[in-house]
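Predicted model, so just to flag it, every value in this text is computed and none were measured. Residue numbers start from 1 in every chain, and the chains themselves are labelled A, B, ... in the order their sequence lines are given, proteins ahead of strands. The figures here come from the full heavy-atom set of this structure, side chains too, leaving out hydrogens, waters and symmetry mates.
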Amino acid sequence: MSEKSVFETVTGELDFPSEEAKIAAFWKANDIFARTLSADSRATGPSKGPFVFYEGPPTANGMPHNGHALTRSIKDVVPRYKTMCGYDVPRKAGWDTHGLPVEVEVEKDLGIHGKAEIEAYGIKPFVQKCIESVFRYTEAWERNTELIGYWLDTENAYVTYHQSYIESVWWALSELHKKGLLYRGHKVCWWWPQGGTALSAAEVGWNYKSVEDPSAFVAFELEGEPGTHLCVWTTTPWTLPSNGYAAVRGGLDYVVCDWKDGKKLIVAAALREGLAKKLGLELTVLVSLKGRDLVGRRYVPCMDTFGALRDAKADLKEGGAAPLYWRVLDADFVTLDAGTGIVHIAPAFGEDDNNAHKLELRRYREPDEVPLLCAVGPDGKMTAEAGAFEGLWIKDADPKILADLDARGLLVFSEKYRHDYPYCWRADEDPLMQLARPAWYIRTTDRIGDAIANNQAVTWLPEHIKDGRFGDFLRNNVDWALSRERYWGTPLNVWVCEGCGAEHAPASVAEIEQRNPHAFDAFRAARAADPSLNEHLIVHKPWIDEVTLPCEACQGTMRRVTEVIDCWFDSGCMPFAQLGFPHKEGSQAEFSQRWPADFISEAIDQTRGWFYSLLMISTLVFDEATCERLGLGKRSYPHPYKACVVLGHVGDREGKKESKSKGNYTPPDIILERVRIEFAPVSPDDPAVQKLLRGKPVEAGAVYAAREDYEGLDLTGDEAHVMMYRGDRHDDARPMTLKALKGLPRRVLVMAPEDAASLSVKPNAQGLAVKVVDVPRLPQNERVFVEDPTRPAPGADAFRWFFYASSPPWTNTRHSLSNVRLLQKDFLIKLRNVYSFFVIYANIDGFDPAKVTANPMAQRSILDRWIASEVALTVREVKKHLDGFGIYEASQRIVDVVDALSNWYVRRSRSRFWAPAGDATLAADKLDATTTLYESLVTLSKLIAPFVPFFAEGLYQNLVRRAWPDAPQSVHLVAYPDADESLIDESLAAEMRAVRELVSLGLQVRSDNRLRVRQPLGRADVVVSDRALAASLASYGPLIAEELNVHEVRWLEPGQEAGAVHYRLKPNFRALGPRIGKKVQALKQALERADAARLHAELSREGKVVVDVEGEGIDLSGEELDIAVVASEGFAAAGGRTGVVVLHTELTPELRDEGLARDVLAKVQQKRKDLGLAFTDKLALTIYGSERIMRVVEAARSTIAEEALCASLVVAPLTDAPATAAIFAIEAEELALDGTKA
RNA sequence: GGGCCAGUAGCUCAGUUGGUUAGAGCGCACGCCUGAUAAGCGUGAGGUCGGCAGUUCAAAUCUGCCCUGGCCCA
C-alpha cells in the first residue's frame, strides 16, 4: 500500500508546550519574525503599505501576569493577520520606566522611606539605583514574550528614560509652553505632613481608619443683610481660616428661618428639620428661595485671616472686575446627604474645593495673580496668617477655632462625628491632610472641544466607551496636573529667570547648549570620572538641575523648576518619542508614515491612563497649524489612534480580581509550561494545623493543600496522585497523594515529617501564617513544587485561544487552568485529531499532494463540495470579522468549521478513506476525499495562523513544506487565504444543515425507543416543513439512511403516513403584527382550532387563505403564515423546525440477522484491537458459532472480510472452538473467535 | 456617594433594528460507535433570561425603580 510517508506522523501524546518550544526555536533560527516585516521577504505579494500598531509600554518594574497575557494575545493577533494580508506592521517594543513605583521599589531595597531619607541618602546614588532597577524583570518579560508567541521588536525597544525619548517629550512640552498651555497653579493632594510628601491615590486607600472629628455648623453673615447668616457645615474646622467661598446648588430649595435673638439662618429646606432637632429650636421658616438666588451674594469671612484681601478685586475677561473671595458659588457636588446644603469651600484643601476655585479663576483675565488662601504649612501647622493660632498642629487648632467662633456668636452647633479618614500607611498614627501644592498644569480644558471631536472620530470597541467612560471623562475634564515633586522621572523642561521671572522651555540638549555651551560640563566631567554613570542620566535629576541658562530678557540666571512630570505624559508621547521625533534624523518621514495608529489595545484601566494621554497630547500638540508647520500636511481626526480595542480584566474562576497577596491567581507558567504550583511545607504538629485536621492523622505519602490550590491544578475528586520535589531538585521527584483540606490557606502544604525529610525540606517556621507572596522567595529548602504529571500544560496556543474564544475581549474573563483546557479540547485537540486522522490515511496510501491530482471540486462528492464550501464561507466570515477587530466572532466561526470537519465531514467520509486500492472508482473517490481534507487543513493552517501561531506552523510545516520544500518557509510568511467564492454554495450549506437536523431527529427517535444504531431498520419517513427544501433534499436519502442505519428513506407529504404527522399553522408574527396588530393573538387561537390540513391544501392551491377571526375574515398569504409539521403522539417520531422523522420499528427476521452480523463484526474488530494489529494488517480469522451465527456470518461473509481486513475467514460450529477461546453472547446466540495476524 | 459594565441551564458563555419551542460547550444521566481508539459520537434532563413595575398585539431584548458583582472615580 504505502511506498513512502510524505507526512510526519502526528504523535499520540499531547504535549503542546514541547512542540511549541520547537516551533519557537525554528522561528528564531530562521529569523521568521523579522522577515514578516517587509513585503520583500514575505510571500504576500506587493506591500499594501503600513498598518500602524502602537505597543503600549508596560512598566518593566513588575512581573508579567495573566492580564498581560490577555493584552498581548490580542495585540498579537491583529498585526499577524494584517501582515498576512500584505501590510507592513512594524511592532516596536517599549518600556515605561519612570514613576513612583520605581522609587518605592528602590526605597524598599535600600530600607528607607520618605523624601527626607532619600535626600539624606543622596539623590545622585538614588537615581542611579532607580535606573539600575528599572529592568529587574526584563528576563521574565522576554521569556513571557517568547513563550506566548508575541511577536515584537524587542531589540529596538523605546525606553522612556532614554535621552532621545526625553528630548521628544521636552519638545512636546516646549510646544505646549509656546502655545500658552502650560501654567503654574496648585494641586490638592493627600499630604503626609510629618513625612513632608504627597501620597498616591492607591497609597491613600491602604489605611483608612474610623475616627471621631468635630462636626461644626458655622454662621457666615451675609453682606448688606446684618443678622442673616448662611449656615455651613464642616468636619475640618482648621480649614475655616482658609475659607474662600460658600457653595450651594442652584436648583435646590433653601429657606431663611428664624434662629435666635432676631438672627436668621439660611439652610437647605430639606435639612432644616434635622438641624432644628439638633439645636432644639423651631427654626421657623420666614422665606423660601432657590439656591440660585443666593449665588453671587457676598458674606463676611468667619475669621479675619486674610482681611487684607476683603476688598481686593480682579479684572474679568469680559471686562469689569469682581471681588476675589467670600462669595456664594453654584456647585453640583453640593448634596443633601448631610450638613446644611451650604458647603464651606477652602480652595487649598479638598479637591472639589480646589476645582470650584479653578472654575472661578477662569473668569479672570490674569488668573495667576489671584493668591491662594492657605493658613496651614506643609508641616501641618497653622501659619502666621492664622494669627492667634499660629504654630498649632491642625487637629489641636480645631477646638480652639470652634471656641473662638462660639465666643463671637458664629458657632451654630458642634458635636462629634465618626467617619473614615485616611492615615499614612507607613506611619499609622499620622493622619493625612489634603493640601494644595504648587504644581504645573496643562490647560487641557482650553482645548477640550478639540479632544471631544477627536474622540468622536475614534472607533472604540466596545462602542459604549466612546460616549460612556471615555466621553464622560472628557466632558468632565479638568486641567492635567503635570508635575510631580519626585526624583525619578522626565524633568520638567521649564527654566525660570531668577531675576525677571521669564520662562523658557527648551526642546533638546542641543538647544540648551546653544544658549549655554557649558550647560552639561558638570555631567560630562562626572561621566569621565566614572564611566559607569549611565549616559542617559544627562537629562535626569539631579544633574539637569545644575544646568542654568542665561536669561535673554534681563541677562539673569535661569534655573530649572524642580519637578519631574507625570509618567503618563511620557507614555502619551510614545507615537513620536519612540522615533525621537522631531530631533532625530529621518524621524519626520518615519513619523509621517506611522501616525496615526490603525490599532491599539489595552485594558480598560487605561481609559484615564494611556488612552487619555495619547489622545490629549496628540490633540494639543498636533493642531492643524502645527501639522502644517511640521510638514505633516492636513491631518484630520482621529489621531493618534483610529481604533482602540478596550479589554476587560482577567479574574479568577470566581470572577474575583486576581491578586498576588491572596494567591487566587493562576500562575501563567501553569498554562504555558508545567502544571505545577509552589508551596511552603508546614508541619502537621502546628496547633493551627491540628485544629483544621480535627484529629485526622497525616500519613506518610499523603499531603494536604487548600481546596482552591487543588482545583487550581485542575485536579478533581477527593485525592490525586502528584509528583513533589524541592524547588531546586527537579530530578528528585517523589510520588505523593494530594488531598484538599478545608480551611487551609493557599500555598501551604501539610506533610508528614518523614516526607519532609525524604524531600530534604524543612517545615516553614511561620506555619500557616506564611504569606502567599513570600512563598516564591523562601529559601530553596523551604519550598516544594506539586506537579500533576499526568497531563502536560496546555501551552501558549491554548492560552491565547482562551482569550479569543471564551468571550468578547472587553468582557471580564474568568481564568483558570480548567477553563483553558476546556476551550483547548473544543478546538485545538479536535483539530489535531482530524489532522492526525488525515496523516494516518494519507501515509497509508502514500498520498503526495505534489504528485497526484484529484477531480475538480465540481465533480467531487457532495460531502467534499459541502466542506469546501464551509471552509470558504468560514474564510469569508473570519476575514470580515477580523477586519472589524471581531476576534471573538472570528474564533467562533473557526470552532464551527472545525466541528463541521470533525463531526460531520470526517465522520461521514471515514469509509471512503479505507476503500480498497483495487477498485478504480473507489480509489478515485478516496483521492477526492483525501485531497479535500488536505486542502481544508492547509487552508485552516493559514486561517488560524494569527490566532494559534505555533500549532498553525506545525500543520503548515508538515502538510505543505514536506510536500513542497520550496514553499515559503513559514505559514506566517504566506498570504492569508481569500475565500474562494466559486466553492461557496449557500444552498448546499442550508441543505446539509437540514440533513444534519433530520439525522439528529432520527437518532432522537432511536434513543427514545431504545433502538440502538447497530440494529438496521426497514424505513424512515421524512416530512420536511419547507416544500422547496424538501425537493432539494431528495438526493441526501442515502446519506441519511446510512447515518440512521435504515434501508430506505422516503420523503413524504403529511397525510401519507397515516396520521403520524400533521400540520400546525401559526401566524408569522413579524409579518402580521404590524398589519393586524392586536388581532394576531386571536388569529393564533383561530389557527389552532382550524383544520390545518384543509387550510394548507387551500393555501397551496389558491396562494392565500381567508381565516375568520372574531367574525371578520382575514386574508393571509403564504408569507404571513408559519407552517410546521409536527409528529403526532404515539408514533416513533420526532419533529423539529426542519421537519419530522418517523421510524418504522418492526423488526423482521432479516433485519435481526443483519443486526447480528453487525454485532459479530464489532467483536471481530475488537479482536483485531486485542491482537494489536495495525490499520493495514490482515487478519486470519475463524468464527465459531451457533447455527444462526454461522448462517448470518456466511450471508455477511464479504462484508465482514472486507471491513475487518480478513485474509481468510473460516466459519465453524461452536463445538469446534478451542477450549481456550472466549465465548461471547449476542442476544441468545454464542460465538467464539480465533484469529492471528495473516 | 456618582459613572460605566455585567447578571440567561449546576458551571463557562452566546443571543437585542422587540416577533411566540431562548442556544452552545463542559458537567450529569442514558446510550451509540469501535479502521482518529487512554480517541470519536448521539440523545436527554436541566432555564419564572437577577427582582418588581411599565410601554406593546408581542419583552431576555425598550423604559423606570430596586438587588448583586466588577471596574473607574469620589
Side-chain angles (χ1 to χ4, degrees), chain A residues 10 12-14 201 333 335 337-338 351-352 462 464-465 467-473 476 603-605 607-608 648-649 651 653-657 716 790 805-808 810-814 816 818-819 821-823 825-826 829-830 832-841 844 888-889 892 895-896 899 902-903 906-907 910-911 913-914 999-1008 1010-1014 1043 1045 1066-1074 1076-1084 1122 1124 1126 1134-1137 1158 1161-1166 1168-1169 1173-1177 1203-1205:
Chain A
V10 182
E13 201 187 350
L14 288 174
F333 57 79
T335 67
D337 296 342
E351 204 162 338
D352 276 341
H464 60 76
I465 301 287
D467 292 313
R469 197 173 278 214
F470 197 77
D472 277 341
F473 186 54
N476 300 319
I604 188 156
D605 52 283
T607 313
R608 283 149 192 258
H649 280 119
R653 58 201 305 150
E654 266 118 47
K656 298 250 165 60
K657 188 178 168 169
T716 50
T790 57
S806 69
S807 55
W810 38 85
T811 55
N812 292 341
T813 314
R814 296 185 185 208
S816 65
S818 55
N819 283 347
R821 278 180 166 155
L822 215 67
L823 287 173
K825 209 178 154 204
D826 214 29
I829 294 182
K830 204 181 257 183
R832 195 174 183 279
N833 272 319
V834 173
Y835 165 48
S836 155
F837 175 90
F838 166 80
V839 169
I840 289 168
Y841 291 103
I844 286 174
Y888 171 78
E889 293 79 2
Q892 297 310 299
V895 170
D896 288 347
D899 183 69
S902 164
N903 199 7
V906 170
R907 183 149 69 93
R910 274 161 38 147
S911 60
F913 287 91
W914 54 79
V999 165
S1000 189
L1001 289 171
L1003 290 170
Q1004 189 183 331
V1005 178
R1006 275 192 173 269
S1007 189
D1008 288 348
R1010 306 250 154 210
L1011 296 164
R1012 54 208 184 99
V1013 178
R1014 196 147 51 190
E1043 188 72 7
N1045 196 16
K1066 262 189 338 192
N1068 177 347
F1069 287 93
R1070 195 186 282 270
L1072 278 170
I1076 62 169
K1078 238 178 232 200
K1079 287 177 206 140
V1080 283
Q1081 301 302 341
L1083 175 64
K1084 181 184 176 190
D1122 277 339
V1126 290
R1137 288 216 159 92
R1158 296 271 302 246
L1161 179 59
K1163 296 290 179 206
V1164 174
Q1165 297 288 25
Q1166 185 60 45
R1168 283 184 62 95
K1169 205 175 149 193
L1173 299 189
F1175 299 144
T1176 49
D1177 288 340
E1203 294 275 317
L1205 291 184

Participant: Contact class for A:S807 vs. all strands (heavy atom < 4.0 Å): base, sugar-phosphate, or nothing?
Facilitator: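 Since only primed, P, OP1 and OP2 atoms lie under 4.0 Å of A:S807, the category is sugar-phosphate.
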
Participant: Is any side-chain nitrogen or oxygen of A:R1014 closer than 4.0 Å to OP1 or OP2 of B:C33?
Facilitator: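 Yes, within the criterion.
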
Participant: Do the side-chain N or O atoms of A:Y888 get closer than 4.0 angstrom to the phosphate oxygens (OP1, OP2) of B:A14?
Facilitator: no

Participant: Who does B:C49 pair with, Watson-Crick or G-U, both distances under 3.5 Å?
Facilitator: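 Paired with B:C49, as far as the under-3.5 Å criterion goes, is no nucleotide at all.
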
Participant: Considering every strand shown, what is the Watson-Crick or G-U wobble mate of B:C30 when both distances are under 3.5 Å?
Facilitator: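 The answer is B:G42, by the H-bond criterion.
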
Participant: Give the nucleotide from the list B:C73, B:G3, B:G35 with an atom nearest to the side chain of A:R608.
Facilitator: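 Among B:C73, B:G3, B:G35, the one nearest the side chain of A:R608 is B:C73.
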
Participant: Please name the nucleotide paired to B:C13 by Watson-Crick or G-U wobble geometry with both distances under 3.5 Å, or report none.
Facilitator: B:G23

Participant: If you find the nucleotide of RNA chain B closest to A:L1072 and the one closest to A:I604, which residue's nucleotide is nearer the 5' end?
Facilitator: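 Between the two, 5'-proximity favours A:L1072.
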
Participant: Tell me which nucleotide, if any, is Watson-Crick or G-U wobble paired with B:A36 when both distances must be under 3.5 Å.
Facilitator: none

Participant: For atom C1', what is the distance between B:G15 and B:C28, given to the nearest Å?
Facilitator: 25 Å

Participant: OP1 or OP2 of B:G35 sitting under 4.0 Å from any side-chain N/O of A:Q1165?
Facilitator: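 For B:G35, OP1/OP2 do have a side-chain N/O of A:Q1165 under 4.0 Å.
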
Participant: Looking at A:K1084, I'd like to know whether one of its side-chain N or O atoms comes within less than 4.0 Å of OP1 or OP2 on B:G19.
Facilitator: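 Result: no.
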
Participant: Does the ring centre of A:F913 sit less than 6.0 Å away from the ring centre of A:F837?
Facilitator: yes

Participant: Choosing from B:U34, B:C5, B:C41, which nucleotide comes nearest the side chain of A:H464?
Facilitator: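 Taking heavy atoms from C-beta onward, the closest nucleotide is B:C5.
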
Participant: To the nearest angstrom, how far is A:D605 atom CG from B:C73 atom P?
Facilitator: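 The distance from CG of A:D605 to P of B:C73 comes to 9 Å, rounded to the nearest Å.
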
